[in-house]
Each structure stands twice: as structure tokens, then as C-alpha cells.
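Here the structure comes first, spelled out in C-alpha cells, and everything after it is commentary.
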Amino acid sequence: MKIVVARMSGFCMGVRRAVEMILDTPERHPGPICTFGPLIHNPQVLELLASRNIRTLEEVPDRGEGTVLIRAHGVPPEIKRRLKESGFHVIDATCPRVVRVQSIIRRHARRHHAVIILGDPDHPEVAGLLGYAGERGVVVSTLAELERLPPFPEAILVAQTTQNTALFLEAVAWVARRHPHYKVYRTICDSTERRQEEVKRLAGAVDALIVVGGKSSGNTRRLFEIARATGKPAFHIEDERELEGLDAGLLARSRAIGITAGASTPNWVIRKVILALEHAVFRRKSPGHKVLYAFMRAALLTNAYVSLGAAGLCYAASLLQGVPEGAGAWMGVAYLYTQSMHILNHLTGSRADRFNEPDRARFYEERKVPLTAAALACGAGGLCLAFLQGGLPFLLLLAMSLLGLSYRLAVLPPGLAPGGIRRLQDIPGSKTVLIALAWGMVAALLPAIAGGRAYSPAAVLAFAWTAALVFVRTAFFDLLDMQGDRLVGKETIPILLGERRTRRMLQAILALLIAGLPTATALMGLPAIGYLLALSPAAMLAVLVAWERGAVLPGVRLEFLVESHILLAGGIALLWGWITA
Ligand code: SF4
């Protein structure tokens, strides 16, 4: 079974903007902080906001204190005024596209036009729009209701921004026939329109459709209606747990399943659904496939695969420098160090994992004691091996290990921390950079230091190449985790630069690696393996492009493919070493 995910799934611009605004609010505005109405229809997000002391306000109190954020749907002007008068500092996160509809309505209401809003009368956005229309506003949710309205000397027709486009077009056609003097404004948000069009297209390419999102989310419900109207079996689920209740036989018979999601569905909820479907797909496949999937999953969860990659990179770096002697011990150091640091990182960072990688978070939460023991044993093993190679490399590895252990430790008291930076973790983007530098050190520089070649151009090149490759890998995973990281307050490189710029940056680094290493190999007279190692970033570039085009979905297979490009470098090195031995 193939899983196809609609490109326009998950947070729209307005919801993303409102989520970002509320996350920035505690640092910039007076507390306590609250949102007027639930920010989005997702219990996990609301729980997380509550854990950050961000409450949901349902009514305007007589006396307010702190800051209140108006969510993307907007509110009637009267509510905004009352919030201010009650003493709140008000931040308006109304989506700019909703603001445009509010302005159209206000302008025409002032000129005494009747305002006909095609929308869901219970939806907060419609309540807000109605507030701008005053007594001249009327809400209709069906064509029949529109037809029953009395004629108006002057009127405008607008739609809720997430309204069904087909219904709106019917309303427009009716108005053109019966009341051609009414003004019509196309106010359905283009994100909504494109999402709805995509569902129809997707239905043509799949056997069943799954719409993911809150049952109380109007735009998700409308997506579901559109999906159902295509004639294909369609299901509306809030999260992956509801997959169990779907028609298992139908899903098993489906050759392709399409997934789409409403504008307020976080991407980690979509990822969980994809992951659960991926599990289900492999459960139904041949025993060989099942074994392969179980192997991939275990290799990733235990970090064995990524650690093998570190060992392989170490060997590749030693061949690149033309000094394969003693590489075995350093490969062991690289394996043990990476294993130890990755386990510790997941054990201490499971808060973000709970959103981004629930499978991994569960794995670590259920095995805290043995995994901590394994991490310490691997760390100690790596240090012992490094000690046998020399005093300086041992001390450097010890310093790197301590740095890794103290990454989340607050070393400065609150009053003395410049810019609120009390621990390494607080430095934006530090995790990705430090992981890349640590891999470069352990795979390329420590062996060179032990061999007295630390300043050789080949060692510096091997370090830069290794670090750049690992930087791309880590930043790519950060890209997948952006929404979850943002919610738990992590400032990764994609959060700093934005998704598009990060993607471009990763592509540029990969292009540089593909062209740069063979060029440097030729110019510096390095071993010819330098030409072959360009295959590793080329493979990563292919994975990145495939992911961008939706050909590979977030899940076990994507993670395995990303880690495989690192392992590819080790595979090439092994082959090269064997041929040239
Ligand atoms: S659906 Fe469109 S109008 Fe509504 S919040 Fe999202 S971007 Fe704004």
C-alpha cells in the first residue's frame, strides 16, 4: 500500500503565525498570558500551553490582568474593546486574510449595505465577522437559507475564509441571477481553496482518503465532506489511535491511501498517522518485509545504525588522509562515543520527542535504566579506547563528553546569564553545530592528533567534510521536527532561518560537498577515494529532493535513508580499503 500525503496538509499561514506569536509572548509581554478561546483544536498543544502557564479564556472578565492573545479567527470589535477596557494588554493574532474580510464588512456596513456571510453560524470567525457587520449582518450556511432571505436594496456577499468553495460558487451564481446588484467578494482563503482542490485531485489517485484533524475544526470537517463527495471511502480521524476503528479490510485492500489534514492540525499528528499506517503496511507484508522493517526500526531506536555511520565516516576520513593504520581503534571510539551521546540526548530530550518522535519517546521512557547504563558503558568504553591511543586525544574526548553531558545543565545563575543564556542548549542552533563539530572531531581530528597530523591540510579537509555531512543530516531532522521543537521552546537552525531558507542552505552545502571534495582531491593530490565519497552527499541530496516532492514521507524509511547516506561513506571506504589492500 502506498501512502500519499497532500502537500497542503497541516498548519496554514494564519494558524502558524498565531502559534508563533503566543510562543513569543511570554518573553515580550506582561504575564499572566492567555488566549481568548482555544488557540487551536489540538489537546496536546493546549496541554503544552497550559504547562507554560498559558491559559484559555472563554469569557471577558470584569477585571483582566496580563496579556491576552486573540487567535487567528479574530473576534468582534466589541470583544476586543472589552478585553482592553478590562485591563488586558491585547495582542491581535487575527489572520491577515480574516482581517481583510473584516475590513470589507466594516466598510460596507458603514455605507448601510446588508452583509450576507456564507458560513457556519457557530464558528468563532463568523461570530467575529458578524460583529463588524452590526445589525446589518446575516449568516447563511446553505443555499436554501440564502434563497429565503428578503431582498436588500444594497448588499454584499462574503464567505467564511474556510468555506466550501463549491457551495460559495453556487451562492455566487444564484446572486448573479436573482440580485445582480449585490456585490460579491471572494473571501475564501487561497490556502483553503488549494487544500480543497488538492483533496479532489488526490482522490483520483488513491483508493481511500483519511482526513486528519479536530472533530470540532470547521475547515477539517469541510475537507472531510469534500473527500466524501469524491465518492472514495473517506475517514475523519483526530489522531493515529482512531486508525484502529477504521475498516481494516478496506485499508488492507487499498493500493494507495491519501492523507490530508486541516489547517489547525500540527504536523506531528500527521506524522504519527503516517507512522502508524507505515507500521500497518509492513505488518501485512511478506515475512521478509516485516523482518526488514523491524530491523530498520530497532537499528534506529537503539542508535546502532547512526553509530555505525560514525564509525564508517571515521574510516572514510582516515582513507581520505591516506593513513588507514590504526583506524580500527578510532572507529571503535567513534561508534561508542556516538552511541553514548545519542542515547543520553534522547533520554534527556524526550519532551520534544513526545511530539516529534512518539515511538522513540516511548522506547526511551520505558527503558530508562538499561539505556542509561548502556550510555555510560559506551561512554566509558570510548574513553578507555581513546586513552590507549594517546593522552591528548583522551583528554579532548573527555572534554567533549563532559560538554555533551552538560549541554542541558544550567551553569550560570539567572541574574548573570547574558541574554538569558544559562546553558549551552539556550544558544540558538547550538545542538546542530555542536553535533557536527563533535562528529568531525571524533571521526577525523582525534585520529589525526594522535598521529601528529592535526595541521595537515588533508586532516582539516576530512574534518570539514565530515562535520558538513553531519550538519546537513542533523539540520534535516530539525526541519522535520520544527513544529514540535518550536512548541517546547527549542531554537533550532530551521526555526531561526525558516524552513525554505534552511532547505536552500542544505542543498547548497550538499552541492558544495559534491563538487568540493573531488576538486580538493585533484588539487591536493589526495587518495582517489575522494572522488567516490562525493556519492554520499549526492545520495543525501536525492533524499532531500524526494522528501520535498513528497516521494518519501516522514517515518522509519525516511530516517533510515538519511542515516544510510552517512553509512554509504563507510561502505565506500570499506570497499576501497579492500580493493586497494
Ligand atoms: S485558513 Fe486562511 S484565513 Fe484562515 S487562518 Fe488559515 S490562512 Fe488565515
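Computed over heavy atoms, backbone and side chain alike; hydrogens, waters and symmetry mates excluded. Keep in mind that what you see is a predicted model, and the values were worked out from it rather than measured. In listed order, ligands and their atoms are each counted from 1.
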Measure the CD-CD distance between Gln163 and Glu125 for me, rounded to the nearest 0.5 Å.
10.0 Å
If we number the atoms of ligand 1 from 1 as shown, the ones under 4.0 Å from a heavy atom of Arg97 are 3 (S), 7 (S)
Looking at Thr192, which atoms of ligand 1 are within less than 4.0 Å of one of its heavy atoms?
1 (S)
Between His112 and Arg136, is any side-chain donor less than 3.5 angstrom from a side-chain acceptor?
yes
Protein heavy atom at shortest distance from [atom]:
{"atom": "atom 8 (Fe) of ligand 1", "answer": "Cys95 SG, 2.2 Å"}
{"atom": "atom 4 (Fe) of ligand 1", "answer": "Thr161 OG1, 3.5 Å"}
{"atom": "atom 7 (S) of ligand 1", "answer": "Gly14 N, 3.5 Å"}
{"atom": "atom 2 (Fe) of ligand 1", "answer": "Cys189 SG, 2.4 Å"}

Region of Thr162 that comes within reach of ligand 1 [heavy atoms, distance under 4.0 Å]
side chain
Can [X] and [Y] be counted as an ion pair, charged N to O under 4.0 angstrom?
{"X": "Glu225", "Y": "Arg228", "answer": "no"}
{"X": "Lys200", "Y": "Glu197", "answer": "yes"}
{"X": "Glu499", "Y": "Arg503", "answer": "yes"}

Taking both backbone and side-chain atoms into account, decide whether Cys12 has an N/O/S atom under 2.8 Å from atom 6 (Fe) of ligand 1.
yes
Provide the closest heavy-atom pair for Met21 versus Asp92 in the form atom of the first, atom of the second, distance.
CE-O, 3.6 Å
